[in-house]
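What follows is one structure encoded as structure tokens, with my remarks underneath.
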Amino acid sequence: MGCMAQIISTLNINTPEYKSNYAHNKQLAEQLNDRQQKAATERSQRTLERHRKRDKLLVRERIEAILDDNSPFLELSPLAAWDMHDGDAPSAGIVTGIGRISNLECMIIANDPTVKGGTYFPETVKKHLRAQTVAEENHLPCIYLVDSGGAFLHLQADVFPDREHFGRIFYNMARMSGKQIPQIAAVLGSCTAGGAYIPAMADETIIVRENGTIFLAGPPLVKAATGEEVSAEDLGGADVHTRLSGVADHFANDEQEALERVRDIVSHLNRAKTNPLVMQSPEDPAYDPDELYGVIPSDPRHPLDAYEAIARLVDGSRLSEFKSRYGTTIVCGFAHIMGIPIGIVANNGLLFSESAEKASHFIQLCGQRGTPLLFMQNIAGFMVGKQYENGGIAKDGAKMVQAVSNVNVPRITLLHGVSHGAGNYGMSGRAYDPRFLFSWPNSKISVMSGDAAAGTLWTVGERGVMRGIENPTAEQIAVAEAKFKAPILDQYAHESNPYFATARLWDDGILDPKQTRAALALSFATTLNAPFPTDRFGTFRM
Ligand code: COA
């Protein structure tokens, strides 16, 4: 048990404020679940019928079939491309996530052929590459369930030529294979052009009779290019590739057999996870995670009490706090989540020099001890003004960025409130490569708040706007100011929305607060597949 103090909640669940927060956040969670459900299942009748006629399972059924019984699946970015491309690319046409096969955590990357033939939109590419990055950083075997028409040709300029575009998929496969991270492909449908390199690059490849095809150019292109007339099956079907070309290794009579073969291959990978951590037995929090709906303020300008949130996420609601009397706008401490030891760095107000230094010190402790870190990000920014700038707050923020960037333990970031400015950097934002970054439906992310941006732009733009008017009255100025600010406020409201963010893969998904503990535990468990390098310095006291 240790001597960690249990957080004593002061939350009163009978106040009108709690009740209105609860109703508001519960509704946000329902909206999230509804949107995820629709992205996963809403397809035209015609598309679904054609798919079934081909004796194919739906993409999520395929994943279900390869996972161990009752194994959870941590799906990443299910709302990628949300509200983009006229709604034509639900989940960006690809499902990615982590699940157990033969008791090994694997990354599954599965095309959804019911979304524009499984073709790659820009967000599809981004999601595929992100899944590969997660796999590479955490040493997860990759399972590719291929059924795709390759690039979405209308947007070729945004998917083909650049460093982080389609070609990177195969580079990643080669690099991971070189690091002994297994790459396994099952070709369950079309695998055309560049896509053909997925099975061609995999360590081991399965192909399904009739449905599976692999070729650099399909029959229509071959006819156009050389005049040769050939059927898809003769050009690159399962028989051709397992008997003549050797591009694939295993012939499967149907999809079920192919998926069973995936499981069989994984069972022979001869890998085991070595866990470097001292674990405890998992224990529920002392306070019900359901109460998080009432902890999160419905008005984002109201503070969110970090202790109340932590008490509903960690084992036994226990937190062994570090420097509790110093730099109190940041909460640091050791805890467990489903038995896994973690260090928590959670905002509880603006960042000051002392809070930044305290966090830097604590991050070093976690690095020294090999304790994974959870950043709970709810930060409007660093404190501004003469006193603080003169006191060197920029160099104290830089210490935090230095510590976050170089600490060698896995970091996971939960964006549970707002995220603005340099606070995003010090608190392990997306640019700092946390192993996972999740957000809550109430979160907001933008360089600064809409109010601050509109105010700043008005300050620098007022003179230009008012130029033509001689001696404007206070009322004229007020009208001009409101007109000037309105579109900026609208833009910031739209772009700081968590759905705008998740659609563009600035995170790995939005989590229902109530499900967050389970998702974090799975994510931390996943990070333990890769060994931790050690830090090279002793601890600098701050
Ligand atoms: N780019 C853009 N749109 C594409 C596409 C591509 N590469 N491939 C398919 N689509 C679209 C189709 O126009 C269709 O759109 P609609 O629903 O609005 O009518 C939808 O995706 C489904 O395609 P469809 O051919 O009806 O489905 P299918 O399941 O019978 O076949 C494919 C899917 C992928 C096998 C087939 O469409 C195909 O061979 N596409 C061309 C693949 C290719 O040559 N790609 C080159 C990539 S570099």
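In listed order, ligands and their atoms are each counted from 1.
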TODO: Given ring pair (Phe, Tyr, Trp, His ring centres under 6.0 Å), test F166 with F160 step by step and report yes or no.
DONE: CA-CA 5 Å; F166 209 85; F160 177 64; 8.2 Å; no
TODO: Might you point out which heavy atoms bring R271 and Q180 nearest each other, and give the distance in Å?
DONE: NH1-O, 2.7 Å
Task: Carboxylate-amine/guanidinium proximity below 4.0 Å for E255 and R62 - done: yes
Task: Shortest non-hydrogen separation from N442 to G417 and the atoms involved - done: ND2-CA, 4.1 Å
- [ ] Find out whether T205 and V187 are in side-chain contact, i.e. whether some heavy atom of one side chain is under 4.5 Å from a heavy atom of the other.
- [x] yes
For ligand 1, which of its N or O atoms have a protein N or O partner closer than 3.5 Å, and how long is each gap?
unit_1: ligand 1; atom_1: 1 (N); unit_2: L153; atom_2: N; d: 2.9
unit_1: ligand 1; atom_1: 7 (N); unit_2: A151; atom_2: O; d: 2.9
unit_1: ligand 1; atom_1: 15 (O); unit_2: K116; atom_2: NZ; d: 3.4
unit_1: ligand 1; atom_1: 18 (O); unit_2: K116; atom_2: NZ; d: 2.5
unit_1: ligand 1; atom_1: 26 (O); unit_2: R50; atom_2: NH1; d: 3.2
unit_1: ligand 1; atom_1: 26 (O); unit_2: R50; atom_2: NH2; d: 3.3
unit_1: ligand 1; atom_1: 27 (O); unit_2: R50; atom_2: NH2; d: 3.4
unit_1: ligand 1; atom_1: 29 (O); unit_2: R54; atom_2: NH1; d: 2.7
unit_1: ligand 1; atom_1: 30 (O); unit_2: R50; atom_2: NH2; d: 2.6
unit_1: ligand 1; atom_1: 30 (O); unit_2: R54; atom_2: NH2; d: 2.7
unit_1: ligand 1; atom_1: 45 (N); unit_2: G149; atom_2: O; d: 2.8

Task: SB check K126 E164 (cutoff 4.0 Å) - done: no
